[in-house]
Amino acid sequence: MGQVPSIDQGYSPDSSTHLRNPSLAPHHHRYTVNDLNLNSQEPEDIFLNQQQDYTSEIPDECLALIFQSLSSSDRKQCSLVCRRWLVVEGQSRHRLALNATDEVNSHLPAIFSRFDSVMKLALRCDRKSVSINDEALTLISRRCQNLTRLKLRGCREISDEGMSALGKNCESLRKFSCGSCLFGANGMNALLNNCSSLEELSVKRLRSINDVFAAEPIGPGAAASSLKSITLKELYSGQFGPLIIGSKNLKTLKIIRCSGNWDRLLETIAGRRNCLTEIHLERLQVTDIGLMAISKSPDLEIFHLVKVPDCSNEGICAVAENCKLLRKLHIDGWRTNRIGDEGLIAIAKNSVNLVELVLIGVNPSSVSLMAIATNCQKLERLALCGSDTIGDPEISCIAAKCMALKKLCIKGCRLTDSGIESFAFGCPNLVKIKVKKCRGVTSEVADWLRARRVSLAVNLDVDEIEPEAMDVSASDEGAQDDGVEYPSIVSGTVIGGGGNVNAAAAPSTSNGGRSSYKSRFSLFAGRTFVACAFRRLSNGNDSSNDSL
């Protein structure tokens with residue numbers, strides 16, 4: 001463009017501080033504090049052969065839009081061209097992620113002087129390091145008063161005092177997420193009492209609570225009308241009960257491994273008109289009483305019930321019969337056999353809008369599967385995992401009846417090649433089928449099926465048969481916890497993000513040898529099986545899960 005970068009050593013792209021991080025996607029780099037060029041002398045404009053600088057005619061606003069379409073590493077290179085590009089690139093960077101150790105404290109004024117338009121910020125500290133403190137958080141909150149999203153991870157030196165300053169200085173905050181922090185109820189209340197625009201709140205492992213009986217309750221405060229999503233993990237129901245009950249317009253509620261009796265709280269919520277559309281319950285003390293309370297949420301569309309052993313067919317029937325808008329249903333029965341045909345038949349009769357069904361550790365018979373395949377004509381995504389009763393007849397029924405099915409995942413079932421062969425002509429809209437840990441299925445049938453349906457992606461794993469019980473719960477959320485909103489954080493680095501960053505993924509193809517099978521089916525491992533299987537289709541259909 002008629003210009004070259006300054007030869008100043010602090011700005012040289014070949015300097016020792018310019019490192020490539022192999023764990024990130026291509027063209028994304030990690031930066032140390034020095035890489036941000038905060039203290040170096042500004043580069044001089046250098047013109048080759050005195051040629052005209054045509055970029056000088058581009059308005060700053062247009063130049064900023066160009067920068068936003070570039071990768072993080074390309075933005076860094078552009079900032080080295082001249083003074084103007086350095087300023088425009090810094091002012092147009094709205095997302096920033098910092099390794100929030102105490103070493104960054106002295107650099108914070110310079111960082112936020114250059115990046116003075118940050119609206120989305122992630123601060124993370126690993127367990128072995130000392131995190132930033134209240135003074136640093138207060139400085140950040142003063143410099144970023146237009147902050148709309150904030151994520152805190154492992155910032156153990158931040159106390160109630162720092163959270164209070166954050167709430168007072170960042171009143172426009174809309175999304176807040178914290179995990180493994182040490183501030184207490186006073187800090188949470190200070191935030192909620194000041195941030196009247198807060199829409200999404202995620203609190204995980206708040207370590208300051210030692211005595212659950214003496215814990216101070218947390219209420220919604222000024223955010224009572226704005227809160228739409230609450231996620232709680234490894235907390236205590238009595239402390240956060242007032243927050244859930246007082247959130248008048250709450251639509252999404254996710255409760256994961258939290259102590260206390262949740263039946264009473266769910267009954268309280270059901271006692272008033274609510275607009276809940278999504279509920280996730282995992283490893284909680286909940287019984288059918290709680291499920292009957294949930295059934296009084298007429299707008300419920302997404303329901304996940306994961307490893308809650310006290311729930312049975314009675315509660316599932318109540319939800320199915322009263323929540324007519326149900327679109328996505330995940331049930332992990334934990335092999336307790338308390339949820340079976342009776343509950344599934346009720347789902348089949350009442351959930352005509354069902355598009356996604358996941359059954360893990362549940363043993364349905366051909367009767368209930370036939371009912372689901374016959375009545376749920378909109379079903380597009382189906383996962384059957386760890387069932388002792390699903391074999392070739394049941395799979396053949398699905399192939400014959402589920403006309404709208406697009407994606408099928410089968411894991412740990414009594415399936416053979418005969419069942420797979422039924423998809424040669426069944427399920428005309430099927431685009432992908434994944435089979436794992438089914439001892440009776442061979443690689444030959446996968447090749448046979450590919451030859452007859454060229455457009456069908458067949459992913460088969462016959463190499464890894466593990467004897468231990470499967471744990472395929474999809475709740476520890478890479479997907480739901482915190483979506484890839486910021487660049488990745490690497491210990492000892494500071495990363496500036498200019499746009500959406502997607503984690504690098506292994507290529508997915510329908511053909512290949514054993515190594516390609518293992519690469520593709522690494523997505524199925526452990527708890528991420530269902531989440532990975534459905535992520536692309538789910539994200540394409542639902543844009544509501546915009547995590548911090």
Side-chain angles (χ1 to χ4, degrees), residues 1-15 17-21 24-98 107-122 140 142-149 172 174 484-488 493-502 504 543 546:
M1 296 183 183
Q3 298 171 324
V4 296
S6 166
I7 60 175
D8 181 88
Q9 185 176 0
Y11 286 86
S12 172
D14 296 324
S15 64
T17 58
H18 185 79
L19 302 176
R20 179 178 297 276
N21 181 5
L24 299 180
H27 307 300
H28 292 282
H29 296 256
R30 63 181 183 181
Y31 309 124
T32 64
V33 172
N34 293 330
D35 286 327
L36 292 176
N37 303 317
L38 302 172
N39 301 316
S40 303
Q41 182 181 0
E42 291 183 342
E44 300 292 337
D45 297 333
I46 300 177
F47 297 94
L48 293 178
N49 301 325
Q50 301 300 320
Q51 292 179 353
Q52 182 179 357
D53 178 15
Y54 295 102
T55 65
S56 63
E57 300 177 3
I58 302 177
D60 288 353
E61 293 80 3
C62 294
L63 191 60
L65 291 175
I66 295 173
F67 288 156
Q68 289 174 5
S69 66
L70 301 178
S71 67
S72 183
S73 60
D74 288 338
R75 288 185 65 134
K76 177 176 181 287
Q77 296 298 321
C78 288
S79 69
L80 307 179
V81 171
C82 61
R83 294 191 192 95
R84 179 184 173 225
W85 286 28
L86 178 72
V87 173
V88 172
E89 193 277 331
Q91 292 177 344
S92 63
R93 195 183 287 259
H94 301 307
R95 299 182 182 185
L96 194 64
L98 299 179
H107 299 280
L108 290 176
I111 291 174
F112 290 101
S113 292
R114 177 181 173 187
F115 303 110
D116 57 359
S117 301
V118 173
M119 301 177 66
K120 303 171 185 179
L121 178 64
I140 292 172
R142 289 174 179 171
R143 295 294 186 97
C144 304
Q145 296 192 7
N146 293 324
L147 203 64
T148 60
R149 302 184 186 184
S172 59
R174 292 192 295 110
V484 184
E485 191 71 43
Y486 297 103
S488 299
T493 64
V494 180
I495 306 176
N500 288 329
V501 178
N502 295 319
S543 59
D546 182 18

Heavy-atom side-chain proximity of [X] to [Y] below 4.5 angstrom:
| X | Y | value |
| --- | --- | --- |
| Phe115 | Arg95 | no |
| Ser79 | Arg93 | no |
| Trp85 | Val88 | no |

_Looking at every heavy atom in both Ser113 and Asp116, which two are closest together, and how far apart are they?_
O-CB, 4.0 Å
Nearest 0.5 Å, please: how far is [atom2] in [Y] from [atom1] in [X]?
| X | Y | atom1 | atom2 | answer |
| --- | --- | --- | --- | --- |
| Arg143 | Leu121 | CZ | CG | 13.5 Å |
| Ile111 | Ile140 | CD1 | CD1 | 8.0 Å |
| Leu96 | Arg114 | CG | CZ | 10.0 Å |

_I'd like to know whether CG of Asn146 has more than 12 heavy-atom contacts from other residues, nucleotides or ligands below 6.0 angstrom._
no
_Has Thr148 got a side-chain atom pairing as donor or acceptor with Arg174's backbone, closer than 3.5 angstrom?_
no
_Going by the rule side-chain contact (heavy atoms from CB on, under 4.5 Å), which residues pair with Ser117 if we only count those two or more places apart in sequence or in a different chain?_
Gln91, His94
